[in-house]
Amino acid sequence: MKRKYWMLPATAAFATLAFSSAQAAAPPIKIGVIAEASSVSGASIPKAAQLAADEINAKGGVLGRKIEIVTYDDHNSATDAVRAFQRAAREDKVSFVIASYISEVVLALEPWSARLHMPMITPGAASDEISHNIYKDYNHMKYVFHGYLPSTFIADSVCDGAKDLLVQGHHVKTAVVMSEDAAWTLPLDNEYLKCLPRVGIKVLDHIRLSPDTTDFTPIFNKIEGEKPDVIITGISHVGVQPTVQWAAQHVPIPMFGVSSQATTSTFWKDTNGATNGVVFQTVAAPGVAVTPKTNPFTDNYTKKFGATPSYAGYTSYDDVYMIADAIKKAGGTNPDKLVTAMEATNYVGTIGRYVFNGKSSPFTHTFKVGKGYVTGLMVQWQDGKQVTIWPPDVAQGKMTFPSFVKLPQ
Amino acid sequence: MQALQILIDGFAISSLYATGAIGFTLIFGVSGVLNLSHGSIMVTAAVVAWLVAGSLGAGPYGGALIGVGASVVLSLVTYGIVVRPIQNSRAIAREEKEIFVLTGTLLWGIMVQEVIAYIFTNNPKTVLPLIGGVVNILGVRTPGNEIAIAAIAWITMGLLWLLVNRTRGGKALMAAAINPRGLTLCGFELGSIHLLVWTIYGVLAGIAGVLLGSFLGVSSDNAGQLTASAFSIVVLGGLGSVTGSLVAAYVVGYLESLTAYLINPSIRTVPVLLLLVIVVYLRPQGLLGRR
């Protein structure tokens, strides 16, 4: 009898030990991150995702399992990205993929996401086609989520900013649209050409330049000859070179619009300060508390990696949290249940509140834009700092240009 | 006005092309090596200059000097660990050595390019300009740095001319290009001639890289294009001909500028490539090549 009493606590202890070791040994939930590691915009994606995973894991993970980030460098190549996607799904058995900031790459991955039933979100690609493809063939394409603003919304955000800052602030009346030739700028330019006249800016010319351009002198020369009040930009693959040459040649026209490379703090160093005065659209900026999560993320990221995140870093960080929430809600990693859980997302991240558009919207699985959701910011480089100048409720300073830039009075 | 603009821009670009290509052709002339890591060496010079001048606070001149120094070191390393072992190898047949050197330098160039992209990202870097501000030349707003670039390129080429024509080492260099066997019979060590030509090449490629970095900005992605551009100029001018490369650099620079200004900047290299095809077809020895 005595012996039996002794065995009871021993069995309980053994069972507890066995249970906790089973929990510790529970396989991690893997999230694949496909991005170009050597580009400024792309490099932020895996780093920010890892930061989010570390934070989630420090708090016990999801459903008692750790999150593991598996990274793949796609070298900005759709072929490499597709190969990485297949490997992530078939060999590495990831449950979700965060993929690229390049529209061409994401468009190439979309059918694979559908075929392999592998949920995927892009933290930075902008082409409208990504969400239009989901809308057109929802049943197959529903695994894809567009975790960044579509180009049309970006253009609208630039136009809204231009109306307040340029038209009302400086009586700007004319513009030349200067965009790189890429998938994401097709809808961007279309919308620019519609929304700029709507806010009172006449478009004098529309220049689409090759992303391989190195000497922008002839382009600036042509633009200057047309005497616009402002250059409205749509650049992401290029950035340093047009900016440096704009400043070196003292092109007297301000650059205002989208300049993705300008969103990271290293851009000042890369251009030796030539970016002073450049105004760019983004969704979050250092020091601007878009939400209570923005500044802590920016600070932690900067402390860990020595530079502020690019725009895709903010969204990539939020994506991991949204995926973790969806896994929790879905009670596991079943792809169809994950999609349903993602569609029910209502999450305040670093750039605003994420609520995805449903299948009835032509922008299926993009997030809602506007007050109370995600809104755009206009930020200007001023003496080594990114200063938010619009909208007025979060503005940190006023728009100001280097002396060589002449604005209409 | 536009004509003057083309004249000024074309001149600056052409001078840069000439500086880089002359080094490239010199090595071929003296040692028969086509160095396909040329672009990577130029990019290294620019990125080191950018790093030292900006982040390490050495200023534009300090950065430029160390950038050129890095190019010399990398050139000598390229010669020491890629070219020379292939040239001295007994395992490779004599007639196959050229193709091995070509492949070796190509792969080495890709490695250097990847390392730069890995450490510094492939975002273009801009070297601090040696001279700031703009100068008005008959109504054309020209960056002061653009004028400095053309001047430095020509001073460099002038010094090279003096070195080759007025010094013993330089004359030996030219002799090696004409008759290497004769030179060794005269008691010259061919190995040290090769070291000298790789050092000169390093200086030229370094200066071209740093100047290009301050003019247009340079990214690791540009390495292949820079090699191709030097290669085109050298083939157009005539392999091994320094004067030919100089002339070809100006033909290429101006043809590109004319295309960019008058037709479309997106196709600036297309007419040059067409011209190259025509020259190779009608005059395979190039504009001023020896044959």
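Chain A is the first sequence line, chain B the second, and so forth, proteins listed ahead of strands; every chain is numbered from 1. The basis for the numbers below is simple: all heavy atoms, side chains too, and nothing from hydrogens, waters or symmetry mates. Bear in mind the structure is a predicted one, so any value in this text is a computation, not a measurement.
- Summarising the local packing, NZ of A:K304 is surrounded by more than 12 heavy atoms from other residues, nucleotides or ligands at distances under 6.0 Å.
- In this structure, the portion of B:N222 lying under 4.5 Å from any heavy atom of chain A is its side chain and not its backbone.
- Donor-acceptor pairing under 3.5 Å is lacking for the side chains of A:T282 and A:Y314.
- Interatomic distance, CG of A:D74 versus CD1 of A:I34, reported as 7.0 Å (0.5 Å rounding).
- For the set A:T266, A:D73, A:T214, A:V251, the entry with the most heavy-atom pairs within less than 4.5 Å of chain B is A:T214.
- Heavy atoms closer than 4.5 Å to chain A are found in the side chain of B:I13, but not in its backbone.
- The structure places CD1 of B:I131 at 9.5 Å from CD1 of B:I149, a figure rounded to the nearest 0.5 Å.
- Between chain B and the residues A:N221, A:L209, A:I219, the largest count of heavy-atom pairs under 4.5 Å involves A:N221.
- With rounding to the nearest 0.5 angstrom, the OG1 atom of A:T233 is 5.0 Å from the CD1 atom of A:I235.
- Residues of residues 39-54 of chain B having a heavy atom under 4.5 Å from any heavy atom of chain A, listed by number: B:W50.
- Listed in order of number, the residues of residues 135-146 of chain B that approach chain A to under 4.5 Å between heavy atoms are B:R141, B:P143.
- Looking at A:Q241, the atoms closer than 4.5 Å to chain B (heavy atoms on both sides) sit in the backbone and in the side chain alike.
- In summary, of the residues considered (A:S100, A:P309, A:P123, A:S310), a side-chain contact (heavy atoms from CB on, under 4.5 Å) with A:S41 occurs for A:S310 alone.
- With a threshold of 4.5 angstrom between heavy atoms, A:D270 approaches chain B through its backbone and through its side chain.
- At most 12 heavy atoms of other shown residues, nucleotides or ligands fall within 6.0 angstrom of atom CZ in B:F231.
- No side-chain N or O of B:S266 forms a donor-acceptor pair with one of A:S210 less than 3.5 Å apart.
- With values rounded to the nearest 0.5 angstrom, A:F267 atom CZ is found 12.0 Å from A:T308 atom OG1.
- Defined by atom type and a distance below 3.5 Å, a donor-acceptor pair is present between the side-chain atoms of B:S15 and B:Y250.
- With values rounded to the nearest 0.5 angstrom, B:Y17 atom OH is found 8.0 Å from B:L226 atom CG.
- In summary, the side chains of A:T400 and A:Q382 do not present any donor paired with an acceptor at a separation below 3.5 Å, with no hydrogens or angles considered.
- The residue among B:T121, B:T269, B:N264, B:I267 with the most heavy atom pairs within less than 4.5 Å of chain A is B:T121.
- With a 4.5 angstrom heavy-atom cutoff, B:F215 touches chain A only via backbone atoms.
- Relative orientation of the A:Y311 and A:Y101 rings is perpendicular, given thresholds of 30° and 60° on the angle between their planes.
- Comparing B:G217, B:A260, B:P124, B:S219 by how many heavy-atom pairs each has under 4.5 Å with chain A, the most go to B:P124.
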Let me see the working for A:V82 and A:L109 under side chain to side chain contact (heavy atoms under 4.5 Å, CB included), right down to the final yes or no.
CA-CA 6 Å; A:V82 167; A:L109 291 179; 4.0 Å; yes
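- Only the side chain of A:Q261 comes within less than 4.5 Å of a heavy atom of chain B; its backbone N, CA, C and O stay farther away.
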